[in-house]
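A short write-up of the structure that comes next.
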Amino acid sequence: MKFFVDTAEIDAIAELNELGMVDGVTTNPSLILKSGRNILEVTKEICDLVEGPVSAEVVSLKADEMITEGRKLAEIAPNVTVKVPLTWDGLKACKVLSGEGKMVNVTLCFSANQALIAAKAGATFISPFIGRLDDVNLDGMELIADIREIYDNYGFETQILAASIRTVNHVSDAAKIGADVMTAPPAVIRKLAEHPLTDKGLAAFVADWEKTGQTIL
Ligand code: G3P
């Protein structure tokens, strides 16, 4: 499973990148707002830091304008992935931009049928939003499983990018189902290493080691 970091915070990306945890980055207008940065500048900085795909989202609602914005974003660096919303205009933009050889991430996916038509429009990535479905008492993970089944039935190459991940269980559940990629905030990725029994066991080892009076170095 590829790990993307869902943030536009350079320091957090750099820290996780040093650990080899960053196969790509996803941003959206809300994350750009949160960063306080200019989208073109921060996207360039992220692309300089990370080798993998870096999603930058268009903001127009009309296909023609999305295409123009997408082309401008794609000029920033070869690893920019143009992110478009799952609307008919977004799908038109996806078809054109992917036809030009650009990577396209179709976002705000909440149903299996939406994922099916995004694949037909040539999406490189489809972003089903797990957490936001769970928020309204639906099952985000069921959607990941449905999309996996449909894509496998027909050999679609569109990668399932599990998004709106809020918990560590979302990560392991999406991995078990076979999502190609997950994108999560830095805090969730950091939590993947944590377990209370690890902390407890380590404390016991440290205490026993002190009693031996030995040193290794
Ligand atoms: O990648 C999409 C993601 O940023 C949405 O997450 O937590 O705002 O639903 P969230």
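Read the numbers this way: they start at 1 and go in the same order the structure lists the ligands and their atoms. One-based numbering along the sequence shown.
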| query | Can we say Arg166 and Asp135 salt-bridge, meaning some charged N sits less than 4.0 Å from an Asp/Glu carboxylate O? | reply |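 Yes.
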Atoms of ligand 1 close to [X] [distance to a heavy atom under 4.0 angstrom, numbered from 1]:
| X | answer |
| --- | --- |
| Phe129 | 2 (C), 5 (C) |
| Ala163 | 1 (O), 2 (C) |
| Arg166 | 7 (O), 9 (O), 10 (P) |
| Thr183 | 1 (O) |

Got the closest protein heavy atom to [atom], with its distance?
| atom | value |
| --- | --- |
| atom 6 (O) of ligand 1 | Ser164 CA, 3.4 Å |
| atom 4 (O) of ligand 1 | Asp6 OD2, 2.5 Å |
| atom 8 (O) of ligand 1 | Arg132 NH2, 2.8 Å |

| said: Would you compute the distance between atom CD1 of Ile130 and atom CD1 of Ile165 and round it to the nearest 0.5 angstrom? | reply: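 Between atom CD1 of Ile130 and atom CD1 of Ile165 there are 4.5 Å.
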| Spacing of Glu15 atom CD and Asn17 atom CG [to the nearest 0.5 Å] | 11.0 Å
| Will you find, in the side chains of Asn105 and Thr81, an N or O donor that is under 3.5 Å from an N or O acceptor? | no
| Which bit of Asn28 gets closer than 4.0 Å to ligand 1, counting heavy atoms only: side chain, backbone, both or neither? |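 For Asn28, the contact with ligand 1 is made by the side chain alone.
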| task | Heavy atoms only: give me the nearest Val106-Leu91 pair and the separation to one decimal. | result | CG1-CD2, 4.5 Å
| said: Do Thr43 and Ile46 make a side-chain contact, defined as non-hydrogen atoms from C-beta onward lying under 4.5 Å apart? | reply: no
